[in-house]
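Residue numbers start from 1 in every chain, and the chains themselves are labelled A, B, ... in the order their sequence lines are given, proteins ahead of strands.
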Amino acid sequence: MTTRDAVTDIPPQYDPALDAARYAEWERAGLFHAVEERSERVGGERRPFVIVMPPPNVTGVLHMGHGLNNTVQDVLVRWRRMCGDETLWLPGTDHAGIATQNVVERQLAAEGKTRFDVGREAFVERTVRFVQETGGTILAQLRAIGASADWSRTAYTLSPDLSRAVREAFVRLYERGLIYRGHRVIHWCPRCLTSLSDEEAEFHEQSGQLYHIAYPVTRVHAAEDPRSIVIATTRPETMLGDVAVAVHPDDERYRDLVGRTVRLPIANIEIPIIADTYTDPSFGTGALKITPAHDANDFEVGQRHNLAMPVVIAANGEMGATGDDAPRVPPELVGLDRFVARERIVQRLRSLGFLVKVEPHHHAVRRCYRCNTIVEPRLSDQWFVRMRPLSEPALRAVRERRIRVLPERWEAVYVNWLEGIRDWNISRQLWWGHRIPVWYCDGCSHVSASRTDLTRCPDCGGSVRQDEDVLDTWFSSGLWPFSTLGWPDTTDDLKAFYPTDMLVTAPEILFFWVARMIMLGYAFMGETPFHTVYLHGTVRDTKHVRMQKSLGNGIDPLDVLQLYGADALRYTVISSMGLGADTILDPNDLERSFAPGRNFVTKLWNIGRFLLTNVGSESVEPLERIAPDRLTSSDRWILARLDAAIAACDAALGPARPHDGTWTEGELNAGLRLNEYTEAARTFVWNDLADWYVETSKVRLATPGPDRDVARTVLIHAFDQALRLLQPIVPFVTDALWQRLPGRAPNEYIAVAAWPTARRAGDGGGDFELVREVVTALRQLRGEYNVAPGRTLEAIVVPRDGAAGSLERERRTIERLARVSLQIGPAPASHGPAAHQVLSGGSEVIVPLEGVIDVAKECARLRAELMSLEKQLTGLTQRLANEQFISRAKPEIVAAERQKEGEWRTRSEQLRAKVLSLCGA
RNA sequence: GGGCGGAUAGCUCAGUUGGUUAGAGCGCCUGCCUUACACGCAGGAGGUCGUGGGUUCGAGUCCCUCUUCGCCCACCA
């Protein structure tokens, strides 16, 4: 905004429709562009401050979760930018393997096709096109909420650069022996047709049935009594894949049966009874069916006992077996969905008499985190990352305080997870993602992991084929803090900006993403990727249900922008940002949720409106040139309040980084209290600046003379500083106002203006507190006696020692704010019925109200006040008489209590005298 | 099954190491369009800090019990 509108043209509300143009101007001015040479790590002058944005899914659209996450980051980044750091907020998107593939597959399904109908190459091409069409959406939406990211560095996990980093990372881990191919039971999604990591297979509680099934023991000779072993299972369909029944070796009930066999019903084959300590004798019947191909634990038992591992459920979740195992699945069950088959098998068992009983059973089943399908444990070949060696430095980093996790309680969760970490299945049977850079030789069966595409076997020169699978999408996001800066090359960006500083995200991806970034950061960079992990809460509705599009309880941030503007959205989100606290918003009442933000923006706007119309266009002296003795008590007061507000904001935002790479005890949990920061800035602007200082200044601004200039200077200074304090939260309205302040050059932007520092000068304006007390007391009396607003009262203030002068100087302010005609001095010898108010310092306010005052009412009011005060005083006196308190409480607390007691006593005596004179006994 | 967090005004939440008469926003009541703002101003009502016990001179704050809501983790079929 280079033109300054005539003040009369300023509308009474800020118009958020102008936000987009304003943002475009910021971007044009390059305000958010970080310059690597300025980083002190490469010889520059500035400390770097870097946040890498958690990349949203490339085809995603903005929801409130993004809104919250990115607003938090933007506030931090804007704060540090004003503090003079070379600030980089690095944005980007994630190709989001399964998620994106599922979207495109749904499109295909609408055309009646599957991905197999179109083929791998065409499918990937189509997905690339889809990403090109929709990929920019969410980044544009982030601009709309004001995100001050460095868009020139926008990254994408599937870009050529980052894909090179992914391949490099894979090969290095492979070469270090940390990646291996394993044959084992993994989580399989029969809908997505891919394996999943432990984290991607989420537990969901559900009620089901526990089926008790009798497996008849094979008789040794015809005369033997028929016996059977009863096993319990929640998944009867897997029994077709059973290869044994296991009992505990010490279990007396079955000791004689170990080594014999049972006949598996339906499949009608003989399987052995084995002893294994994995079996818990106290659960159910103490006998356990072993299905190595369809249960991870059974797999281990199977390995120990060298058992066969027949697969009886196909990849798509339908019953079926191949080869020698084919006879296990009866023809009528082949091709049935696993859950249909379950019912059939149960019916069959019942009719055959093998079903002993069915019990209701509550348990947790794993579901695919992308499509919610119940995951099927499945035996297959997958690539794994050996995690133990990687987890050690990641654990040490937190234990040795090179990384802090806020809120602190998540640190224990992080540690607990890393301590029990298991190998990470990184291969996915998908088409959308980074193809695994491994080639198999057709001739010599040599396996090569390669940085470049191979066409010939490096060993024998034979033809090769690349592994069909792609990598877990979280593998590439795990490299994000350095892959986005140019790794594996040693780029200037990497030197200037790695390690980054803070990582801001939701706790739900602590394991998926944060922990892996830390592990991979150490693995490849030898250093932590960031020193602070800030985990914020979740956006929920008023029933505390997580906001989700699919649940229909979401709020579209774009609706909020439209109705109330980006600043209102940001203010609302940040002001409720208690450390780790969830944000509750009402999707059915946007007004209620976002009005506070909008109201605050309007208030700020109108302070500016007043100021610009009243300060005038003449130049304003800078505060430094105003001699201290020209400042009034109100000036000194507001400047002291400003200092306090700055200190409170600084304390709430906290240290930006640890001093020497390690967090001290005191700093570990300090800062990032965004709600406290917001509140400190808000109360200053609204309750101090607007309610008192602006009101006080009105008289001075209307009176020509040297004091008018002082008022103009202090007003402009205080407002300027307040805007700076608020810029990170409400960047649009503060920018609009700040640019219009007198003396501002056209190309100055508050986003890169200096963060305020306290002046710590002057006496703090304590005198003005008495003025405020007098005004408040008079207003209360007006209210108490229902004095008509238009009526000017006569009022007498009897000042405490030495207070007369400052009261006299603020006479017109008091008269205006309280609508009184003021007399300052000793109490008149006599006056008619009057209302009295005794103030804290011993000053007294007397309002004679002939004809209006009700003596009885005033007596009642005074008596009530006296009683209340004396009650408090009694308590206080008792406390001060208590030797235990005197000896054990901190001296400063005792001193404060003593002083308070003195004040209260004086006040109580004065009140008592008033009561006696006005009301008699 | 293990662990963690919340329960404070009608609603949504602050309340740092125990120490003034427990605060804010919204809502509510009364009165005001007082020429920056009715998205506002002034005044006001409203809380036995979930329950029961304990430690302490003193507890919303520390300890234990219970109730309740939520979250994370987990190979008991």
Side-chain angles (χ1 to χ4, degrees), chain A residues 10 12-13 203 210 231-235 246 278-280 282-285 287-291 295-300 361 363-364 377 407 409-410 412-413 416-417 420 507-508 510-511 538 540 542 544-545 564 568 575-576 578 580-586 591-593 595-614 651 669-670 673 675-676 679 682-683 690-691 694-695 698 776 779-784 786-790 816-819 868-869 871-872 875-876 878-879 882-890 892-894 896-897 899-900 904:
Chain A
I10 304 175
Q13 275 105 34
F203 279 106
L210 189 60
I231 58 90
T233 181
T234 54
R235 299 190 301 148
Y278 167 67
T279 309
D280 177 1
S282 65
F283 186 90
T285 60
L288 179 64
K289 68 196 267 306
I290 300 298
T291 323
D295 185 285
N297 300 303
D298 292 7
F299 173 78
E300 285 174 23
H361 186 66
H363 61 143
R409 63 191 135 94
W410 285 105
V413 177
N416 185 48
W417 185 76
E508 64 212 38
L510 181 61
F511 307 142
T538 306
R540 299 176 185 279
T542 50
H544 291 214
V545 177
Y564 308 106
S575 64
S576 69
D582 288 339
T583 297
I584 310 295
L585 296 171
D586 189 347
E591 170 75 16
R592 185 167 183 276
S593 299
R598 177 204 55 191
N599 294 354
F600 180 70
V601 167
T602 303
K603 186 72 184 181
L604 199 57
W605 180 254
N606 278 288
I607 296 169
R609 198 157 161 252
F610 166 81
L611 193 140
L612 294 171
T613 44
N614 287 281
N669 190 26
R673 267 62 175 185
N675 57 331
E676 292 177 15
E679 184 58 14
R682 186 196 71 84
T683 49
D691 288 350
V694 167
E695 291 304 326
K698 282 178 177 171
T776 301
R779 282 170 171 172
Q780 281 168 344
L781 288 174
R782 291 188 75 103
E784 201 79 37
N786 287 323
V787 178
R816 187 177 165 279
L817 295 186
R819 296 227 177 157
S868 158
L869 187 59
K871 195 177 158 198
Q872 302 299 336
L876 190 54
Q878 278 171 1
R879 195 181 316 165
N882 186 328
E883 284 173 30
Q884 306 262 31
F885 172 69
I886 301 298
S887 59
R888 294 188 196 178
K890 290 183 199 156
E892 60 265 31
I893 286 167
V894 176
E897 299 282 76
Q899 188 185 345
K900 190 169 63 187
W904 285 5

Distance check, rounded to the nearest 0.5 Å: [X] atom [atom1] versus [Y] atom [atom2]?
{"X": "Lys289(A)", "Y": "Arg235(A)", "atom1": "NZ", "atom2": "CZ", "answer": "7.0 Å"}
{"X": "Thr233(A)", "Y": "Leu210(A)", "atom1": "OG1", "atom2": "CG", "answer": "7.5 Å"}
{"X": "Thr613(A)", "Y": "Leu611(A)", "atom1": "OG1", "atom2": "CG", "answer": "8.0 Å"}
{"X": "Asn297(A)", "Y": "Thr291(A)", "atom1": "CG", "atom2": "OG1", "answer": "11.0 Å"}
{"X": "Glu300(A)", "Y": "Asp295(A)", "atom1": "CD", "atom2": "CG", "answer": "9.5 Å"}
{"X": "Ile584(A)", "Y": "Thr538(A)", "atom1": "CD1", "atom2": "OG1", "answer": "9.0 Å"}

Students often get this wrong, so: under 4.0 angstrom with heavy atoms, is [X] touching a base, only sugar-phosphate, or nothing?
{"X": "Val694(A)", "answer": "base"}
{"X": "Arg409(A)", "answer": "sugar-phosphate"}
{"X": "Arg779(A)", "answer": "sugar-phosphate"}
{"X": "Ala296(A)", "answer": "nothing"}
{"X": "Ala690(A)", "answer": "base"}
{"X": "Glu695(A)", "answer": "base"}
{"X": "Ile607(A)", "answer": "base"}

Atom [atom1], compared across [N] and [M]: separation rounded to whole Å:
{"N": "U61(B)", "M": "U17(B)", "atom1": "P", "result": "12 Å"}
{"N": "U12(B)", "M": "C73(B)", "atom1": "C1'", "result": "30 Å"}
{"N": "C39(B)", "M": "U51(B)", "atom1": "P", "result": "39 Å"}
{"N": "G10(B)", "M": "C57(B)", "atom1": "C1'", "result": "37 Å"}
{"N": "U16(B)", "M": "C62(B)", "atom1": "P", "result": "9 Å"}
{"N": "C69(B)", "M": "C64(B)", "atom1": "P", "result": "22 Å"}
{"N": "U68(B)", "M": "U30(B)", "atom1": "C1'", "result": "39 Å"}
{"N": "G52(B)", "M": "G43(B)", "atom1": "P", "result": "37 Å"}

Output the rounded distance in Å from [atom1] ([X]) to [atom2] ([N]).
{"X": "Asp582(A)", "N": "A14(B)", "atom1": "CG", "atom2": "C1'", "value": "16 Å"}
{"X": "Phe600(A)", "N": "C41(B)", "atom1": "CZ", "atom2": "P", "value": "12 Å"}
{"X": "Asp586(A)", "N": "G27(B)", "atom1": "CG", "atom2": "C1'", "value": "13 Å"}
{"X": "Leu781(A)", "N": "G43(B)", "atom1": "CG", "atom2": "C1'", "value": "11 Å"}
{"X": "Glu883(A)", "N": "G58(B)", "atom1": "CD", "atom2": "P", "value": "15 Å"}

Residues in side-chain hydrogen bond (donor to acceptor under 3.5 Å, both in side chains) contact with Glu883(A), at least two apart in sequence or another chain: none
What residues form a side-chain hydrogen bond (donor to acceptor under 3.5 Å, both in side chains) with Asp582(A), not counting sequence neighbours?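 side-chain hydrogen bond (donor to acceptor under 3.5 Å, both in side chains) list for Asp582(A), sorted by chain: Arg540(A).
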Backbone of [Y] reached by a side-chain donor or acceptor of [X] within 3.5 Å:
{"X": "Asn606(A)", "Y": "Thr602(A)", "result": "yes"}
{"X": "Ser593(A)", "Y": "Asp586(A)", "result": "yes"}
{"X": "Arg819(A)", "Y": "Arg782(A)", "result": "no"}
{"X": "Asn614(A)", "Y": "Phe610(A)", "result": "yes"}

Sugar-phosphate means primed atoms, P, OP1 and OP2; the rest is base. With that split, encode nucleotides 44-49 of chain B 5' to 3' as B, S or - using protein heavy atoms under 4.0 Å. S-----
Its contact letters, B for base, S for sugar-phosphate only and - for none at protein heavy atoms under 4.0 Å, make nucleotides 30-35 of chain B read -S--B-
Go through the structure and list residues passing ring pair (Phe, Tyr, Trp, His ring centres under 6.0 Å) with Trp417(A), not counting sequence neighbours. Phe511(A)
Just to be sure I understand: a Watson-Crick pair is purine N1 to pyrimidine N3 plus N6-O4 or O6-N4, both under 3.5 Å. Using that and G-U wobbles, which stems of three or more pairs involve RNA chain B?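 If one scans RNA chain B for consecutive Watson-Crick or G-U pairs, the stems found are B:1-7 with B:67-73, B:10-13 with B:23-26, B:28-32 with B:40-44, B:52-54 with B:62-64.
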The criterion is side chain to side chain contact (heavy atoms under 4.5 Å, CB included); which residues satisfy it with [X], sequence neighbours excluded?
{"X": "Arg816(A)", "result": "Glu695(A), Lys698(A), Val699(A)"}
{"X": "Ser575(A)", "result": "Tyr571(A), Thr678(A)"}
{"X": "Glu591(A)", "result": "Tyr564(A), Asp589(A), Ala595(A), Arg598(A)"}

Could you walk me through whether Glu676(A) and Glu679(A) pass side-chain contact (heavy atoms from CB on, under 4.5 Å), step by step? CA-CA 5 Å; Glu676(A) 292 177 15; Glu679(A) 184 58 14; 5.6 Å; no
Detail all sub-3.5 Å separations between protein N/O atoms and N/O atoms belonging to nucleotides 71-77 of chain B.
from	atom 1	to	atom 2	distance (Å)
C75(B)	OP1	Arg422(A)	NH1	3.4
C75(B)	OP1	Arg422(A)	NH2	3.4
C75(B)	OP2	Arg366(A)	NH2	3.4
C75(B)	O4'	Asn297(A)	ND2	3.2
C75(B)	O2'	Asn297(A)	ND2	3.0
C75(B)	N1	Asn297(A)	OD1	3.2
C76(B)	O2	Asp280(A)	OD2	2.7
C76(B)	N3	Asp280(A)	OD2	3.3
A77(B)	O2'	Ala232(A)	O	2.9
A77(B)	N6	Asp280(A)	O	2.8
A77(B)	N6	Phe283(A)	O	3.0
A77(B)	N1	Asp280(A)	N	3.3

Between protein and nucleic acid, restricted to nucleotides 20-26 of chain B and to nitrogen or oxygen atoms under 3.5 Å apart, what atom pairs and distances do you find?
from	atom 1	to	atom 2	distance (Å)
A24(B)	O2'	Arg682(A)	NH2	3.4

Judged by each residue's nearest nucleotide on RNA chain B, which is more toward the 5′ side, Asp691(A) or Thr583(A)? Thr583(A)
Of Asn606(A) and Lys890(A), the one whose nearest nucleotide on RNA chain B sits closer to the 5' end is Lys890(A)
Restricting to salt bridge (charged side-chain N to carboxylate O under 4.0 Å, His left out), what partner residues turn up for Arg879(A), sequence neighbours left out? Glu897(A)
